[in-house]
A.B. asks: 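Below: one structure in structure tokens.
Just so we're on the same page: letters track the sequence lines, and every chain starts at 1. All heavy atoms count here, side chains included; hydrogens, waters and symmetry mates do not.
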There are 2 protein chains.
Amino acid sequence: MPSSMTKIDEKPTDRNSLFLHANNREKGVTTQEHIYAQLRDAIMLGRFRPGMSVTIRGLAELLKTSPTPVREALRRLSSENGLELLPNRRIVVPRMTAERLEELIETRVELERFSAVRALPFINDRLIDELEVIDARIDKAVLAGDRDKQIRDNQLFHRTIYCANPDNIRMPMVESVWLQLGPFLRIALREMGDFYKIDRHKEAIAALRARDPKLLRAAIEADVRDGVGQLGHDAVATILSEG
Amino acid sequence: MPSSMTKIDEKPTDRNSLFLHANNREKGVTTQEHIYAQLRDAIMLGRFRPGMSVTIRGLAELLKTSPTPVREALRRLSSENGLELLPNRRIVVPRMTAERLEELIETRVELERFSAVRALPFINDRLIDELEVIDARIDKAVLAGDRDKQIRDNQLFHRTIYCANPDNIRMPMVESVWLQLGPFLRIALREMGDFYKIDRHKEAIAALRARDPKLLRAAIEADVRDGVGQLGHDAVATILSEG
DNA sequence: TTTCGAAAAATGTGATATCATTTTTATAAA
DNA sequence: TTTATAAAAATGATATCACATTTTTCGAAA
């Protein structure tokens with residue numbers, strides 16, 4: 001486990017506990033954009049535990065800026081349902097329920113299968129080669145136990161496929177689902193261990209090479225379900241009770 | 001045509017042209033929330049023409065507030081892809097292309113069919129009665145030529161179905177698609193006239209009463225396609241060239 | 001008339017101050 | 001010890017100011 005996780009593990013309800021690199025942002029990127037990216041990344045990688053609350057001032061202090069850009073970044077993240085603005089104006093990481101989890105998974109399946117098929121006409125061999133490079137990186141990350149890289153490159157793999165369609169308007173929706181699964185995903189991956197059964201990515205690549213929509217749909221669905229869907233109801237209950 | 005549209009028609013690229021009631025917001029609603037709702041409503045109802053640009057200060061003046069809450073509202077709307085924040089920091093209403101329109105329609109079909117079916121287990125007779133009341137209101141609005149009411153109540157009809165599922169996480173995505181269709185929808189409705197072929201809502205209601213998923217999917221798909229999908233390619237081209 | 005360039009205006013971004021509300025803390029009573 | 005209550009602190013919301021960048025304006029040169 002990376003040492004950067006310890007603090008959160010100690011006091012689950014503590015806010016503003018920690019995250020990555022504080023302020024090494026490129027030129028031309030606004031503060032708001034930078035904060036948004038940082039927070040989004042942290043949520044995606046499961047740095048924030050469900051139920052945890054954050055404050056504008058706390059984040060501003062942590063990221064060495066004023067409340068204004070933080071507030072806008074939070075507004076965006078809540079628009080994408082990565083954070084929840086409670087009626088009492090408190091900002092929390094949404095809690096997971098078995099029902100919500102199922103909705104998220106089924107929605108991932110629907111959106112991503114469809115997006116893959118809609119991208120198919122735009123797929124070329126160069127892009128498939130690129131996908132194989134990414135997939136190789138994922139395999140290496142799994143072996144190395146590098147969860148962050150695994151999660152990030154897995155998303156990159158999917159994003160690369162779907163965005164082959166230049167007019168794809170579902171990408172923000174897919175990203176929103178990923179964001180909502182983020183706080184849960186980290187815990188799930190820990191519980192599940194690394195028992196990756198079959199490499200669905202290789203199935204997807206084969207389907208893309210064959211330009212076969214049905215195979216592609218099946219591969220994407222299988223991959224999504226393998227990711228978080230395969231958890232038995234008992235395991236889900238265990239994880240849910242935790243956060 | 002409501003008189004409230006004239007200004008925009010006169011000078012299509014003018015910004016901050018007009019909208020509804022300026023400041024009659026309920027107590028407890030924050031300024032940002034109010035502005036967000038106003039702008040969202042305006043976009044949904046096609047008050048903003050594709051390509052039109054808005055400014056923070058302009059909207060702030062128009063709505064009699066400071067730039068701060070306006071910026072946050074705009075941030076939210078761009079997160080929902082109802083507005084576009086250009087790299088040169090200008091804020092514009094996205095333009096429509098034939099490809100994007102097709103993506104939007106197909107995504108509506110996928111999302112809404114699925115959401116309807118996922119709501120089916122939660123449907124009760126009281127809710128179906130409610131739907132019939134809403135549908136009657138729509139019929140009346142169509143006859144009266146009240147486009148605003150037609151659009152609003154049509155959305156309410158769909159929302160009422162999908163939100164019967166208390167864990168539905170696709171509603172924000174559906175609303176985002178509606179938002180993106182907004183600026184186009186108004187023009188499309190004007191071009192198409194009122195030739196509503198068959199009342200798909202009544203088909204949907206029948207399917208709900210029968211608790212029949214297949215019928216429901218078919219009815220929802222037909223309704224969505226009737227809405228904007230039925231436009232021939234020529235008509236689309238005409239409309240697109242306009243904005 | 002068109003094109004170019006500098007001044008002026010407009011605009012987005014971010015920091016700070018103020019206010020209202022909420023949360024927390026501290027103190028006292030049961 | 002627990003509960004209730006009031007003071008204190010924290011927090012979110014908004015307005016305002018300053019700054020950097022972009023856009024527009026306007027006049028001179030081609």
A.B. asks: Could you tell me how far apart Ile56(A) (CD1) and dT16(C) (C1') are, to the nearest whole angstrom?
C.D. replies: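 Roughly 15 Å, once rounded to whole Å.
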A.B. asks: Over how many whole Å does the gap from Leu74(B) atom CG to dT11(C) atom P extend?
C.D. replies: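 Going from Leu74(B) (CG) to dT11(C) (P), I get 13 Å.
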A.B. asks: Heavy atoms under 4.0 Å, any strand shown: does Glu72(A) hit a base, just sugar-phosphate, or nothing?
C.D. replies: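 No contact.
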A.B. asks: Can you pull every protein N or O that's under 3.5 Å from an N or O on nucleotides 15-20 of chain D?
C.D. replies:
unit_1  : atom_1 : unit_2   : atom_2 : d
dA15(D) : OP2    : Ser66(B) : N      : 2.9
dA15(D) : OP2    : Ser66(B) : OG     : 2.4
dA15(D) : O5'    : Ser66(B) : OG     : 3.3
dA15(D) : N7     : Thr68(B) : OG1    : 2.9
dT16(D) : O4     : Thr68(B) : OG1    : 3.3

A.B. asks: How many angstroms lie between CD in Glu130(B) and CZ in Arg126(B), if you round to the nearest 0.5 Å?
C.D. replies: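 It is 5.5 Å, given to the nearest 0.5 Å.
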A.B. asks: Considering just the side-chain nitrogens and oxygens of Asn88(B), establish if one lies under 4.0 Å of OP1 or OP2 belonging to dT23(D).
C.D. replies: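 Looking at the OP1 and OP2 atoms of dT23(D), one of them is under 4.0 Å from a side-chain N or O of Asn88(B).
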A.B. asks: Would you kindly give the CZ-to-P distance between Arg90(A) and dA9(D), to the nearest whole Å?
C.D. replies: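 After rounding, the reported distance stands at 17 Å.
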A.B. asks: Would you give the length of the straight line joining atom OG of Ser115(B) to atom CG of Asn165(B), rounded to the nearest 0.5 angstrom?
C.D. replies: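 The OG atom of Ser115(B) sits 8.5 Å away from the CG atom of Asn165(B).
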A.B. asks: Return the value, rounded to whole Å, for the distance between atom CD1 of Ile91(B) and atom P of dT22(D).
C.D. replies: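 About 15 Å, once rounded to whole Å.
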A.B. asks: In whole Å, what is the span from the CD atom of Gln32(A) to the P atom of dA15(C)?
C.D. replies: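 Value for this atom pair: 12 Å.
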A.B. asks: Looking at Lys64(B) and Glu61(B), does any basic side-chain N land under 4.0 Å from a carboxylate oxygen?
C.D. replies: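 Salt bridge flag = no for Glu61(B) with Lys64(B).
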A.B. asks: Would you indicate whether the side-chain heavy atoms of Asp146(B) and Gln150(B) approach each other to under 4.5 Å?
C.D. replies: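 Gln150(B) does not reach Asp146(B) side chain to side chain.
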A.B. asks: Leu63(A) has an atom CG; how far is it from atom P of dT13(C), in whole Å?
C.D. replies: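 For the pair Leu63(A) CG and dT13(C) P, the rounded distance is 18 Å.
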A.B. asks: Could you tell me the separation between the CD atom of Glu61(A) and the P atom of dA15(C), rounded to a whole number of Å?
C.D. replies: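 Going from CD in Glu61(A) over to P in dA15(C) covers 14 Å.
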A.B. asks: Find the distance Arg75(A):CZ to dT13(C):P and express it as a whole number of Å.
C.D. replies: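 Going from Arg75(A) (CZ) to dT13(C) (P), I get 16 Å.
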A.B. asks: Let me confirm one number: the CG-CZ distance from Leu179(B) to Arg40(B), rounded to the nearest 0.5 Å.
C.D. replies: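 Going from the CG atom of Leu179(B) to the CZ atom of Arg40(B) covers 6.0 Å.
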A.B. asks: Can you check side-chain hydrogen bond (donor to acceptor under 3.5 Å, both in side chains) on Ser176(B) and Gln180(B), steps first, answer last?
C.D. replies: CA-CA 6 Å; Ser176(B) 166; Gln180(B) 293 180 63; 3.2 Å; yes
